[in-house]
Amino acid sequence: MLKLSADDINLHATASHKEDVIRQLAERMVASGLVDPAYEQGMLDREQQTSTYLGNGIAIPHGTTDTRGLVRRTGIKVLRFPEGIAWGDDCDTGKPQTAYTVIGIAAQSDEHLDILRQLTHVIGDESLARQLHTTGDVATVGNLLSGKLGSEPASGDFLFAKAQVRLRSEASSFMEAVGIAAAILWQKKALTQAELSTLPSIPPFHLGKGVWVSTLKTAADNGGAAVIQPNTPLPLSGESLAMLIVIATRSDHHRPLLDKLAELAMASRLNELAGASRAADVVRLLSASELAGQQVVCRLPMPHGLHARPAANLARLAKNYNTQIWVENLDGHGSEVSAQSVTKLISLGAGLGDRLRFTIDGPEADKALAEICAAVSGGLGDPVIHLPDRVSDEGASESIPLKPLTPGEILKGLPGAPGVAIGSAHAMKETVFNFERHQGPAAQELERLKQAIDQVSTTLKGKLARTTNTDLAQIVAMHLELVADPEIQQDAEQHIRAGDSAEWGWQQSFEALARSQEQSTELLLAERAIDIRDVGNQVLGELTGQNAKRSVDEAHVLVCEEITPTEISECDPSTVKAIVSAAGGVTSHAAILARSLGIPLLVACGPRVLTIVEGTLLIVNCEARTVTVGPDEATLAHARAVIAEEQRLNEQAHASRLEPAVTTDGHRMEVMANLTAAKAVDAAVDIGCEGVGLFRSEFIYMAHTQEPSIEVQQAEYASVMDRLGPDRPLIVRTLDVGGDKPLPYMPMDEEENPFLGIRGVRLSLRYPETLKRQLHALLRAADGRLLRIMFPMVTDLNEWREIRAIYREVATDYPGARIELGIMIEVPSAALMAEAFAPELDFFSVGTNDLTQYTLAIDRGHPVLSRQADAISPAVLKLIEMTVQAAHRHGIWVGVCGELASDPLGATILTGMGVRELSMSARAIPRIKARLRSLSLVDARSLAARALKAESSEAVRELLVPSDRTVAHEHA
């Protein structure tokens with residue numbers, strides 16, 4: 001919503017010409033801190049490119065695409081000219097255009113689309129535009145431009161929009177579904193108070209395929225419809241309720257909706273309606289016209305979407321044809337609009353990658369569609385970027401050519417896994433699965449699907465049983481849950497029973513879930529959509545026989561759009577020297593696996609990386625975040641020297657891996673491993689771990705389709721302790737699920753922000769019996785041996801004391817138990833209250849990954865901000881220091897089990913701050929121990945003191961200890 005103050009609006013402006021108007025707007029923007037002064041020239045340049053006059057006396061001057069970097073924050077300024085300002089001539093009619101209200105826009109990224117969408121209701125309504133130009137009230141102008149006026153429906157309207165659709169509702173009965181619908185209609189003034197109680201008693205009728213309709217004649221101001229889709233189909237009158245449509249009728253305005261329902265039933269498309277995964281799709285199915293004519297789908301390749309200039313160019317092109325051209329945004333909402341109207345085109349809200357469907361009925365259709373599609377692909381006057389090939393709903397594949405990379409060019413990316421590598425580019429081609437939509441009888445297709453799912457499950461279970469890589473084990477366990485997900489299978493079976501093939505039904509089902517995941521407001525959750533597609537494609541591969549493994553014998557750098565966890569788990573580090581991807585995230589499961597396998601991974605390099613010619617020599621430097629294409633000899637020589645030095649250090653660290661981490665002045669640090677399974681202990685001990693600082697017990701739960709028994713858990717914990725022996729400590733974190741780690745047998749409500757919701761001990765307090773069973777298993781496994789138990793996501797003392805009371809209740813059965821209790825410091829409140837917690841605990845363990853996310857308010861999966869989510873931030877370090885000081889005052893110790901512990905600089909600072917124990921992925925242990933042995937505690941303390949006084953993460957990373965200065969001088 002636009003927020004306008006009186007200072008943003010001048011109702012009595014004067015100017016001599018258009019350029020003077022733009023100068024005034026720019027001055028006001030600069031004075032308010034919206035833009036740099038140079039933005040004015042960008043606004044003038046925009047007017048030279050194309051007029052910003054939109055119609056109805058409204059102009060919206062704004063900067064060019066390449067001046068967006070001059071915008072400091074988004075905002076608008078409004079100047080109104082009672083006498084009008086000449087804004088040039090209409091390029092089509094030659095008639096003069098006069099602007100009365102001029103709205104200057106400063107927008108970062110594509111935020112201008114949101115602003116324009118809010119303005120279109122005024123631009124497209126002559127009466128509202130007249131009010132905008134003549135009102136003497138500044139507040140009224142602000143309300144008109146922000147959508148607060150003119151957006152209320154007229155009495156007697158029939159209302160139906162996305163807000164009236166509830167998908168995957170938690171309704172557990174027909175009565176609950178009706179109640180939700182009634183609340184929606186009441187809010188829209190489409191039901192009276194008396195009708196709220198009447199509605200549940202009206203029997204619905206079954207349209208078919210689980211779609212039920214209930215109608216009521218209303219005396220309310222408006223008619224309307226509400227759609228409720230239960231999370232799982234509900235029993236109703238001997239049938240299944242998959243979707244309930246409640247219609248409040250007024251006059252006969254509801255008849256078009258009933259006609260659409262009848263059309264869908266006649267066309268056997270009710271399954272499509274009942275199984276919709278987006279509210280926009282439901283609205284489109286029930287309200288969009290069935291347009292006659294030829295159609296084509298084009299994707300928008302412009303980074304800033306269909307804003308004013310490309311919309312004007314598209315409208316101008318459409319006006320060349322003497323026939324109506326309709327446009328729909330298949331990835332947006334609402335119905336079709338005329339391609340000849342600039343304001344209607346803007347109202348589509350189409351952004352980068354959105355699919356526009358053009359419909360033309362007439363003799364010029366072929367020519368017009370070809371010309372329009374070419375114009376859209378060319379950017380309609382805006383710069384374009386490459387869009388990865390995808391198949392649209394209509395089956396047409398579109399791609400946009402890019403300028404290929406040439407020798408010497410350098411691309412930037414994000415470091416998914418550290419390292420430097422040299423190798424020839426090898427492109428990993430995406431598998432295109434070949435299958436028909438319709439195949440054999442339903443019973444045969446259902447059996448084929450079952451066999452394919454069973455085969456993938458068997459393969460995953462075998463991989464899980466064989467691996468000692470704890471990161472891979474955790475991801476495979478999650479994939480096992482996905483392939484067994486009853487919801488995906490049920491959706492696929494519905495498609496098959498409707499006549500689709502096993503391949504088609506399965507693909508439709510898992511793609512719907514993946515798209516739904518991608519739309520999550522939690523970016524870390526949205527990033528998990530690739531896991532859904534990974535598992536889905538494994539089943540597709542079994543069905544089509546296209547699961548053949550790729551094999552390249554020579555050393556190479558793998559180049560791809562995005563790599564899945566399954567693909568990276570099959571990479572041989574001896575031949576795959578590095579991986580470079582156009583997309584992907586630094587917190588993805590693929591990145592986690594790359595780090596554990598020691599394969600350098602550079603993600604989010606952009607689509608141009610896909611133009612690298614096969615066999616081209618590449619240098620991948622994840623520390624510098626670059627990939628160099630076709631480097632010269634000098635660059636190659638430097639990269640080879642860096643790699644050789646890294647190899648020497650790794651070999652040296654490996655040779656001394658079993659030696660303790662003792663600083664040059666005799667200070668001992670404990671270096672532990674983060675593990676998820678007992679079978680990984682032996683390898684961790686062999687690589688130098690001195691114990692387990694974080695045993696992720698949720699892995700045991702994730703490996704089972706129902707809660708594991710006390711005996712199963714006990715066996716796993718006992719095995720870990722047996723393998724570690726009496727001299728290596730074990731810290732077990734109690735069940736930590738929620739966020740992106742749900743369990744099918746521990747129901748959790750869908751949350752808008754699950755990382756700020758029910759997770760960690762909050763979930764344990766919801767399921768106290770589950771926690772008690774876990775504690776029984778732990779105490780039995782310890783059998784008198786020392787065991788440390790820590791509890792995740794504790795935020796306040798009351799929470800901790802509730803947990804402690806549960807522990808004490810269980811512990812009465814084990815009078816000889818030797819248990820130390822701790823909590824994880826993962827949220828700022830726990831660090832700030834460390835002084836209060838410390839007297840009641842034996843230790844603290846700092847989880848720097850979550851502590852960083854919550855302290856800096858940056859999602860670690862955010863594609864832009866994730867590089868700022870650096871745990872070495874002074875803000876995070878100060879919270880750790882506060883925790884350490886409180887612990888020392890009360891005689892307890894502090895460990896760190898987040899990624900900062902495996903960062904050489906971070907490990908040094910933590911040592912200097914007084915942290916006693918560092919726990920990390922096993923692969924990082926030799927290098928961290930070697931690092932600690934190379935420095936003195938005095939130097940570490942000096943570095944920590946300077947880091948705590950630094951102003952930013954970047955400033956901390958520029959700090960050097962004396963030994964680093966010596967090395968840097970020698971290399972210079």
Side-chain angles (χ1 to χ4, degrees), residues 464 470-471 473-478 480-481 674-678 680 692-721 730-749 751 754-782 787-795 799-811 814 817 819-827 830 841 843 845 847 849-850 897-898 919:
L464 188 61
T470 57
D471 293 319
Q474 194 166 17
I475 294 165
V476 172
M478 186 270 288
L480 266 170
E481 292 295 334
N674 296 339
L675 299 180
T676 58
V692 174
L694 169 62
F695 186 82
R696 298 183 177 102
S697 67
E698 62 270 16
F699 169 79
I700 303 173
Y701 292 80
M702 294 172 71
H704 294 80
T705 55
Q706 59 185 10
E707 184 186 324
S709 66
I710 292 176
E711 291 72 24
V712 168
Q713 295 184 61
Q714 177 187 347
E716 183 75 8
Y717 302 137
S719 179
V720 176
M721 298 190 79
L730 168 65
I731 302 177
V732 177
R733 179 176 68 189
T734 58
L735 179 61
D736 184 18
V737 292
D740 66 333
K741 296 181 292 184
L743 290 175
Y745 48 85
M746 292 183 75
M748 288 175 273
D749 296 332
E751 298 176 291
F755 291 96
L756 298 179
I758 308 299
R759 58 180 303 205
V761 295
R762 296 171 183 172
L763 191 67
S764 293
L765 290 172
R766 274 199 168 191
Y767 294 92
E769 295 305 315
T770 297
L771 176 59
K772 289 177 185 178
R773 287 188 286 270
Q774 181 175 27
L775 292 173
H776 276 294
L778 286 165
L779 292 171
R780 288 182 192 178
L787 173 64
R788 294 167 179 157
I789 302 173
M790 66 180 177
F791 300 89
M793 288 296 293
V794 176
T795 57
E799 208 169 45
W800 157 244
R801 287 168 180 165
E802 286 185 67
I803 289 291
R804 185 180 60 183
I806 294 173
Y807 168 78
R808 286 176 173 173
E809 179 186 338
V810 173
Y814 307 90
I819 305 297
E820 293 182 359
L821 299 180
I823 64 169
M824 293 195 70
I825 304 295
E826 297 179 276
V827 293
L841 295 162
F843 67 94
S845 183
N849 299 355
D850 274 334
C897 60
S919 191

Original post:
Taking all atoms of both residues into account, what is the closest heavy-atom pair of L765 and P768, and its distance?
Top reply: O-CD, 3.5 Å
Original post:
Do Q713 side-chain atoms and P708 backbone N/O form a donor-acceptor pair below 3.5 Å?
Top reply: yes
Original post:
If every non-hydrogen atom of M721 is compared with every non-hydrogen atom of L730, which pair is closest and at what distance?
Top reply: CG-CD2, 3.5 Å
Subject >> D850 vs R759 side-chain heavy atoms within contact, under 4.5 Å >> reply: yes
Original post:
Could you give the distance from CZ (R773) to CG (L735), rounded to the nearest 0.5 Å?
Top reply: 11.0 Å
Subject >> Sequence-distant partners of Q774, side chain to side chain donor-acceptor pair (under 3.5 Å), two or more places apart >> reply: S697, Y717
**OP:** Quick one: closest heavy-atom pair of R733 and P792, and the distance?
**Re:** CD-CB, 3.9 Å
**OP:** Test side chain to side chain contact (heavy atoms under 4.5 Å, CB included) on L775 and Y814 and set out the steps.
**Re:** CA-CA 11 Å; L775 292 173; Y814 307 90; over 6 Å; no
Original post:
Does F843 have any ring-ring contact (aromatic ring centres under 6.0 Å, His included) partners at least two apart in sequence or in another chain, and if so, which?
Top reply: W893
Subject >> Point-to-point distance, once rounded to the nearest 0.5 Å, from OG of S709 to NE2 of H776 >> reply: 13.5 Å
**OP:** State which residues pass side-chain contact (heavy atoms from CB on, under 4.5 Å) with A678; sequence neighbours excluded, sorted by chain then number.
**Re:** E716, S719, V720, R723
Subject >> Worked verdict on W800 versus L841 for side chain to side chain contact (heavy atoms under 4.5 Å, CB included) >> reply: CA-CA 10 Å; W800 157 244; L841 295 162; 3.4 Å; yes
Subject >> Considering all heavy atoms, the nearest I789-F791 contact >> reply: CG2-CZ, 3.9 Å
Subject >> Partner set under salt bridge (charged side-chain N to carboxylate O under 4.0 Å, His left out) for E820, not counting sequence neighbours >> reply: R788
Original post:
Atom CZ of F695 and atom CG of L787: how far apart are they, to the nearest 0.5 Å?
Top reply: 11.0 Å
**OP:** Identify, with sequence neighbours excluded, every residue that meets side-chain contact (heavy atoms from CB on, under 4.5 Å) alongside R808.
**Re:** R804
**OP:** Take L771 and I803, measure what side chain to side chain contact (heavy atoms under 4.5 Å, CB included) needs, and give me the verdict at the end.
**Re:** CA-CA 9 Å; L771 176 59; I803 289 291; 3.8 Å; yes
Subject >> Atom of V827, atom of T795 and distance for their closest heavy-atom approach >> reply: CG2-CG2, 3.6 Å
**OP:** Compare every heavy atom of M790 with every heavy atom of C897, then report the nearest pair and how far apart it is.
**Re:** SG-CE, 4.4 Å
**OP:** Could you please spell out the steps behind the side chain to side chain contact (heavy atoms under 4.5 Å, CB included) verdict for D736 and Y701?
**Re:** CA-CA 10 Å; D736 184 18; Y701 292 80; over 6 Å; no
Subject >> Residues in side-chain contact (heavy atoms from CB on, under 4.5 Å) contact with Q714, at least two apart in sequence or another chain >> reply: A777, R780, A781
